[in-house]
Amino acid sequence: MKESRDASELNHLKVKVERLRGIGPKRARALSKLGIETLGDLLSWFPRRYEDRRETRRVADLIPGESVCVIARIDSVPSVTHIRKGLDLMKMRVSDETGVMEIKFFNQTWRKADFDSGGIFVFYGRAEWFHGRWGMSNPETERETQREITGRIIPVYPLASGVSQLILRRCIREGLNILNARPEMLRDILPDEIKKRYDLCGAGYAYQNIHFPEDEQALLSARRRLAFEELFLFSIGLRGMRKRRESGSAPLFKINDLSPFSRQLPFELTNAQKRCIEEAAADMSSGIPMNRLCQGDVGAGKTMVAAGCVYLCVKNHHQAAMMAPTEILARQHYENLNPLMESLDISCALLTGSTAAKERRELLKRLKTGELDFLIGTHALIAGNLEWNDLGLVITDEQHRFGVAQRASLAAYGRNPNTLVMSATPIPRTLALALYGDLDISILDESPPGRKKIETYAVTGAYRERIYKFIKKLVLQGRQAYMICPMVSENGHDDNHYNYYESESDEKGEQKAVEEYAEYLRARVFPDLRIARVHGKMKSKEKENIMSAFAAGESDILVSTTVVEVGVDVPNAVIIVIENAERFGLSQLHQLRGRVGRGKEQSYCVLISDYQNEETKRRLKAMTRTTDGFEIAEEDLRLRGPGDFFGQRQHGLPALKVADLGMDAELLEQARSAAEILSRDDPDLKNHPLIAERAAEMFAPHQAEYGSK
């Protein structure tokens, strides 16, 4: 590092990376593409995986497909062949005392001068047996006397253009060298008593061994320490969010009599629905803003819980809003709830992007004067300058489809209104506590009576003809079907095998896969049936029109990707067939299955997969064994980790760099316990300013969205 440096800046690891030795402005610009601006950012750029390069194999002992180190002598000067435009091949022969190996490099002719005949090198790569001889393609190499990337456990990092693994490793090693020379720069935020109680290593040791572990045990110890710290700060931040929420005052609901509401329903509420409404009613009569998640399986009756909350809100002389992620869902809620609201003398309206200008002006006028009690809509509720008379309750449906900022924008129209978020994605309790630590959770674990269990089958492609005949039989009886075609991978084909309806085009994407599958079904399977198709590349309006037409019975079969995962309620659809089911997580399969079974008729879900490894069999068997979404979610969390629940959707909380909510459930409980004890003894963290600072940094992008000042 250059000598001119500011001590306080270094103590906080805020020094810019370009001031580190070996990193100039050009390399710093490349690192900035990864979000690495400071020494602290650099040291927190953790590996995504590791390669164990400690073992060395002789050529005679190689195993095809195994990645391994080989120490060999270069027997011939590399030769270069121009294969075609844009492709050059460099080859050389190397050997040890047991055999010969051919090394190939593609488009790396600039390396020819690196390899001198007779030189001893270490080659790390995947062993290949081809045409009767051993070989490696594009191995990593270094001289046997200058080993840096072999002979040890090596970190593998996420990269960006202009940053190689070698460059990143060297930059991080330089950062660690600075810490070794100046250990006071890295202040350990965890109190000694916490480290002792939970058997955690020090911060310096953890950073050194998360990047360049001495051995497996050192790596486990480093990872455990950093994951605990992350979950500890996460828990501290969530407690702060809850504390800020509870410090606010909300409209105080005094009327809690639900009997007039219940009398207007044509059915009896389940005990789970009654419990959830009672929990929400207790929140809304506390004077503290409600922030509650109502979580339940598809068909568990969340909408009626929301309706009960709206009833209480309006009878306490406040307005209510419900926001759905799509126009078709918003309209469905309106059509289902408006008759009930009218019977309860509650005025209700729908606002979407399709609402005519004149109707919108009239609606907004009624909203401002208080004549309108309950407004259902899409993001149009936050897209315009709505003026509410007295907004007391905000409900968001399928809440993980909205960013936190969108939900907060709606709540901002009121004076700390009560908030109810609804999710049809069952989430294991451990994950829910982490993702929704600032929310109270109500669980609908009971289905309304009269719903038949969806019969689920996992079969191979050999059953397709029988499945097609069954679908045709159901359609002739007046029923409808979904057929789900998974999105193909970026290179246009499955990682393991081609689908029977896919061509081997490198240009295929989601749209082409759906269109070809639909055309295949029209031309060769169901020429006399009405087949519609929908995919994510369509404009929202076009998608909603197609799904609305399907709901109206204007098509018999809807071919789709997972865009129907959360969609229109079609009680007449009684079968869903999911191709290449192994490509989906269990929770996603369960959501797709929830598209059927919404009426009184027996419904079916057929999972087709020819990829019959043990994990696939186990996962699909879980789908046939139970329709309990929470049980499936627990299995999914165990098998795949938490990413499958949300993918790239926003749940609005900080991303975790080290901890994994699927793997680290026990560590999360320990971190939550430690955070609770610390917060109880030092509520405002006055004695732990560094913990307060780090937790605030972690939640900084989300503070405004959660109402922090």
Side-chain angles (χ1 to χ4, degrees), residues 250-297 299-324 329-350 366-367 370-377 388-397 399 414 417-424 440-451 569 598:
L252 185 62
F253 288 16
K254 296 178 180 177
I255 302 170
N256 277 334
D257 181 13
L258 275 165
S259 53
F261 169 77
S262 301
R263 282 197 297 269
Q264 291 299 323
L265 298 177
F267 49 81
E268 177 80 14
L269 291 172
T270 66
N271 290 328
Q273 287 173 310
K274 291 174 185 175
R275 184 183 66 247
C276 290
I277 296 174
E278 287 166 3
E279 288 169 347
D283 288 348
M284 294 187 290
S285 59
S286 69
I288 297 171
M290 174 174 75
N291 209 19
R292 184 167 288 276
L293 168 71
C294 179
Q295 181 186 332
D297 226 331
K302 293 179 296 298
T303 306
M304 281 304 108
V305 172
C309 293
V310 169
Y311 171 80
L312 291 176
C313 177
V314 174
K315 293 310 173 185
N316 278 277
H317 313 295
H318 302 288
Q319 294 169 301
M322 177 185 280
M323 186 164 66
L329 270 177
R331 187 171 299 280
Q332 183 174 293
H333 280 312
Y334 175 74
E335 290 171 354
N336 288 339
L337 290 175
N338 188 44
L340 173 62
M341 293 300 150
E342 283 184 349
S343 71
L344 294 165
D345 198 27
I346 293 174
S347 55
C348 178
L350 175 68
R366 293 173 58 214
L367 195 67
E371 293 175 56
L372 181 58
D373 300 315
F374 180 29
L375 182 60
I376 299 171
W388 295 76
N389 182 270
D390 189 357
L391 180 61
L393 174 65
V394 169
I395 301 167
T396 52
D397 185 25
Q399 61 82 34
N418 295 286
T419 301
L420 179 70
V421 294
M422 302 195 297
S423 175
D440 298 304
I441 300 175
S442 290
I443 294 178
L444 282 167
D445 51 7
E446 206 179 337
S447 291
R451 288 279 174 97
D569 190 350
R598 306 180 78 85

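Note that the numbering runs from 1 along the sequence shown for the chain. Given the structure is predicted, the values throughout are model-derived calculations rather than measurements.
For the side chain to side chain contact (heavy atoms under 4.5 Å, CB included) with Leu391, the qualifying choice from Val394, Asn389, Leu393 is Val394, the only one to do so.
The distance from atom CG of Asn256 to atom CE of Met284, rounded to the nearest 0.5 Å, is 7.5 Å. To the nearest 0.5 Å, the span separating NE2 on His333 from CD1 on Ile376 amounts to 7.5 Å. Taken from CE in Met322 to OG1 in Thr396, the straight-line distance is 9.5 Å, to the nearest 0.5 Å. To the nearest 0.5 Å, atoms CG (Leu265) and CG (Leu340) are separated by 5.5 Å. From Leu293, atom CG reaches atom OG1 of Thr419 across 12.0 Å, with rounding to the nearest 0.5 Å. Annotation: the span from Cys276 atom SG to Met422 atom CE amounts to 11.5 Å, rounded to 0.5 Å.
When every heavy atom of Ile277 is checked against every heavy atom of Gly308, the shortest pair comes out as CD1-CA, 4.3 Å. Pairing each heavy atom of Cys348 with each of Met341, the nearest pair is CB-CB, 4.2 Å. Scanning both residues, Ala320 and Cys313, for their nearest heavy atoms gives CB-SG, 4.2 Å. Taking both residues in full, the closest heavy atoms of Arg598 and Asp569 are given as NE-OD1, 2.8 Å, listed atom of the first, atom of the second, then distance. In terms of heavy atoms, Leu312 sits closest to Ala281 at CD1-CB, 3.6 Å. What you find for Lys302 and Ser423 is that their closest heavy atoms are CD-O, 3.4 Å.
Residues satisfying the side-chain hydrogen bond (donor to acceptor under 3.5 Å, both in side chains) criterion with Glu371, sequence neighbours excluded, are Thr369. With sequence neighbours excluded, the residues forming a side-chain contact (heavy atoms from CB on, under 4.5 Å) with Ala272 are Thr270, Arg275, Leu444, Asp445, Glu446, listed by chain and number. Take His318 and apply the ring-ring contact (aromatic ring centres under 6.0 Å, His included) test, not counting sequence neighbours, and it matches Phe253. Under the ring-ring contact (aromatic ring centres under 6.0 Å, His included) criterion, Phe374 pairs with no residue, sequence neighbours left out. With sequence neighbours left out, Asn316 forms a side-chain hydrogen bond (donor to acceptor under 3.5 Å, both in side chains) with no residue at all. The side-chain contact (heavy atoms from CB on, under 4.5 Å) check on Pro260 picks up Asp257, Arg263, Tyr311, with sequence neighbours excluded. With sequence neighbours excluded, the residues satisfying salt bridge (Lys or Arg N to Asp or Glu O under 4.0 Å) with Asp390 are Arg415. By the salt bridge (Lys or Arg N to Asp or Glu O under 4.0 Å) test, Lys274 is found to be paired with Glu268, residues two or more places apart in sequence or in another chain being considered. Contacts of Glu342 classified as side-chain contact (heavy atoms from CB on, under 4.5 Å), with partners at least two apart in sequence or in another chain: Asn338. With sequence neighbours excluded, the residues satisfying side-chain contact (heavy atoms from CB on, under 4.5 Å) with Ser347 are Arg366, Leu372, Asp373.
Considering only heavy atoms from C-beta on, Leu337 comes within 4.5 Å of Met304 through its side chain. Counting only heavy atoms from C-beta outward, the side chains of Glu279 and Asp440 never approach each other to under 4.5 Å.
With hydrogens and angles disregarded, no donor-acceptor distance shorter than 3.5 Å links the side chain of Asp283 to the backbone of Met290. When atom types are taken as modelled, the side chain of Gln273 and the backbone of Gly301 share a donor-acceptor pair closer than 3.5 angstrom. Side chain of Gln319 to backbone of Leu367: a donor-acceptor contact under 3.5 angstrom is found.
Annotation: ring-ring contact (aromatic ring centres under 6.0 Å, His included) contacts involving residues 263-295, sequence neighbours excluded, are absent.
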